[in-house]
Novice: 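Could you have a look at this structure, given as structure tokens, before my questions?
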Amino acid sequence: MARLLSFAVFVAIWWIASLFAGDAKLPPPPAVLAAMIAEARSGNLFFHLGATLARVTLAFTLAMALGAAIGYLMGRVRLADRLGDPWLILLLNLPALVVIVLAYIWAGLTEVAAIAAIAINKLPTAIVTLREGARALDAALDEMATVFALPHWSRFRHVILPQLAPYIAAAARSGLSLVWKIVLVAELLGRPNGVGFEIGVAFQLFDIPLLLAYSLSFAAVVLLIETLLVQPFEARSSRWRPRAA
Amino acid sequence: MRLEVEIASKTFKSAAGELHDVIAGVAFALNAGEVGVLVGPSGCGKSTTLRILAGLDPDFQGRVSRPTGARIGFVFQEPRLLPWRSVEENVRLAAPLADESKLSALFEILELKAHRNHFPGELSLGLARRVALARAFAVEPELLILDEPLASLDTALASRLRDEIAMLVDGRSVITLLVTHDVDDAVRLGDRVILLSPRPARVLADLPIRTPRSARGEVEIAAIKSEITRRIDHCPTK
């Protein structure tokens, strides 16, 4: 209910703002909706959303898996932390644009280059978060697991993973938003499809309803994934905690 | 089956980099079926001794020989339960081979039946300690280590839990080692009371109690207690 209300307020503000700004700069909601429906009818909307989603899924999975493994290693093994730290700082502070452009130059305007560039942008934040998680692992529970001779798998699943879950959720949450932001830039610069490509086209044609139609569809997909995937995961992994106020 | 402990010395490095002697000579042996009780002032190195003989701390001078591959049941000072697993899962994870009837019996004795599906965060400290006891007994240990399992509980609950521990230990051929600073607990539960000096810990006395636990009368318990108190008071100061 509260969500619906906040959505209604958003639409109302947009409508009022469009009256002041004029159609050329900010078309009112019905115009954008019409553009959205036209794109959906032709199938273009779903094709481009699908292409973007596929890239996001691949890059996100790759970066989370690699980032979690490297972060865990750096949090647990001192030498790994020492060796990896300078690289990590470099990656953390490297602008996304540099990575994307270099990837396209070195690997060509290919799908591999795009996905790798997006993954590399997300990787360092995942590493940093998981490293903190691995450092914060409870030594007392570790001792308990050792004394009771818990097998490796059971120890990982029941002792270590639940402690890392909040960190994984945080990395996924911040990482996903980073991926959403970067994927469009990568598409704009070097892919012939995807939401980023379409927004580039709309920008060149100054077709603002089309631009907003793609941006908002994209935002809707992000919200949907957040509500259907990310939030249930968080709720499940923290169900043992007493409810926070 | 026998546990032999000879810890010549154990030093501990503080965060500030200073070395502290924790143990200066602790040696004793326990046979299967025997309950040994380590009694000593707070901070004298009792918990450190337990950690060493459970194999959690390899950094010491000396020797510990315990039955190879012995299953260990450890009740830590704090319950150390997995907060994200239910009471039952906590016990089952440590003892995957325990069958349902044994677990029910254990939960029955420790009065945990109503709490099987609760998370540790929903339990009082007394209940959480009982879950830790259930976990240690469920593995059917050959070596049972209890680190002040009754500390910070009210007297009535402590004495009930003490009886429960005695009941669980009796009739099992297990080497049990209990740490406490409560002489009463020591005399009521132990077959052998090992008195430790203030830090760094040395063995002051190793007193066997010949009468079986169940046959000890109040008079005898009082006599042993006063003997122990006398020994502690006459401890040679350095």
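Only this structure's heavy atoms are used, side chains among them; waters, hydrogens and symmetry mates stay out. In what follows, chains carry the letters A, B, and so on, assigned in the order in which the sequence lines appear, proteins first and then strands, with residues in each chain numbered from 1.
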Novice: Heavy-atom pairs under 4.5 Å with chain A - which of B:Pro83, B:Ala54, B:Gly55 has more of them than the others?
Specialist: B:Pro83
Novice: What parts of residues 153-178 of chain A touch chain B if we use heavy atoms and a cut-off under 4.5 Å?
Specialist: A:Ser154, A:Arg157, A:His158, A:Val159, A:Pro162, A:Gln163
Novice: Does B:Asp191 come within less than 4.0 Å of B:Arg213, counting only side-chain N to carboxylate O?
Specialist: yes
Novice: Nearest 0.5 Å, what's the CG-CZ distance between B:Asn90 and B:Phe119?
Specialist: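 Those atoms lie 10.0 Å apart.
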Novice: Pick from B:Glu89, B:Arg135, B:Arg51: which one has the most heavy-atom pairs with chain A under 4.5 Å?
Specialist: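 Max contact count across the listed options: B:Arg135.
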Novice: Between B:Ser197 and B:Arg202 (side chain of the first, backbone of the second, donor and acceptor by atom type, cut-off under 3.5 Å), is there such a pair?
Specialist: yes
Novice: Salt bridge check, B:Arg130 against B:Glu164: does any charged N sit closer than 4.0 Å to a carboxylate O?
Specialist: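 The answer is no: the pair does not qualify as a salt bridge.
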Novice: Nearest 0.5 angstrom please: A:Leu188 CG to A:Arg191 CZ, how far?
Specialist: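 Going from the CG atom of A:Leu188 to the CZ atom of A:Arg191 covers 13.0 Å.
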Novice: Among residues 93-105 of chain B, which ones touch chain A with a heavy-atom distance under 4.5 Å?
Specialist: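 Within residues 93-105 of chain B, the residues under 4.5 Å from chain A are B:Leu93, B:Ala94.
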Novice: Quiz question: by atom type and distance under 3.5 Å, do the side chains of B:Asp21 and B:Thr11 form a donor-acceptor pair?
Specialist: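 No.
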Novice: Roughly how far apart are B:Thr180 OG1 and B:Asp182 CG, rounded to 0.5 Å?
Specialist: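 The distance works out to 5.0 Å.
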Novice: Need one label for B:Arg80: side chain, backbone, both or neither, based on atoms under 4.5 Å from any heavy atom in chain A.
Specialist: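 Looking at B:Arg80, backbone and side chain both touch chain A.
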Novice: Nearest heavy-atom pair of B:Leu150 and B:Ile165: which atoms, and what distance?
Specialist: CD2-CD1, 4.3 Å
Novice: Heavy-atom cut-off 4.5 Å, strictly under: side chain, backbone, both or neither for B:Leu81 against chain A?
Specialist: backbone
Novice: Nearest 0.5 Å please: distance from the OG atom of B:Ser86 over to the NE2 atom of B:His118.
Specialist: 10.0 Å
Novice: Spell out the residues in residues 71-101 of chain A that have some non-hydrogen atom less than 4.5 Å away from a non-hydrogen atom of chain B, in order of number; otherwise answer 'none'.
Specialist: none
Novice: Which atoms of B:Phe74 come close to chain A, meaning under 4.5 Å heavy atom to heavy atom: side chain ones, backbone ones, both, or neither?
Specialist: both
Novice: Taking the inter-plane angle between the rings of A:His48 and A:Phe197 on a 0 to 90° scale, is it parallel (under 30°), tilted (30 to 60°) or perpendicular (over 60°)?
Specialist: tilted
Novice: Are there residues of residues 118-147 of chain A that reach to under 4.5 Å of chain B by heavy atoms, and which ones?
Specialist: A:Ala140, A:Leu141, A:Glu143, A:Met144, A:Thr146, A:Val147
Novice: Which pair of heavy atoms, one from B:Pro149 and one from B:Val75, lies closest together, and at what distance?
Specialist: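 Answer, listing the atom of B:Pro149 first, then B:Val75: CB-CG1, 4.2 Å.
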Novice: Take atom CD in B:Gln61; do more than 12 heavy atoms of anything else shown fall under 6.0 Å from it?
Specialist: no
Novice: Measure B:Ile72 against the heavy atoms of chain A and call it side chain, backbone, both or neither at under 4.5 Å.
Specialist: both
Novice: Nearest 0.5 angstrom please: B:Cys44 SG to B:Arg199 CZ, how far?
Specialist: 9.0 Å
Novice: Of all the heavy-atom pairs spanning B:Pro41 and B:Pro198, show the shortest one and how long it is.
Specialist: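 Nearest heavy atoms, B:Pro41 then B:Pro198: CG-CA, 3.7 Å.
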Novice: Hey, what do you get for CG (B:Leu110) to CZ (B:Arg129), rounding to the nearest 0.5 Å?
Specialist: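 One finds 13.5 Å between CG of B:Leu110 and CZ of B:Arg129.
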Novice: Should B:Arg160 and B:Glu111 count as an ion pair when the cut-off is N to O under 4.0 Å?
Specialist: yes
Novice: For the pair B:Glu34 and B:Arg192, find out whether any cationic side-chain nitrogen is under 4.0 Å from an anionic carboxylate oxygen.
Specialist: yes
Novice: For the backbone of B:Asp59 and the side chain of B:Lys10, can you confirm whether one donor and one acceptor N or O come within less than 3.5 Å of each other?
Specialist: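 Side chain of B:Lys10 to backbone of B:Asp59, a donor-acceptor pair under 3.5 Å: yes, one is there.
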Novice: Give a yes or no on whether a salt bridge exists between A:Arg55 and A:Glu187, defined as a side-chain N under 4.0 angstrom from a carboxylate O.
Specialist: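 A salt bridge is present here (some side-chain N lies under 4.0 Å from a carboxylate O).
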Novice: With side-chain contact (heavy atoms from CB on, under 4.5 Å) as the test, pick out the partner of A:Phe7 among A:Val11, A:Leu4, A:Val9.
Specialist: A:Val11
Novice: Side chain from CB out, backbone as N, CA, C, O: work out which of these in B:Arg71 comes under 4.5 Å of a heavy atom of chain A, or both, or neither.
Specialist: neither
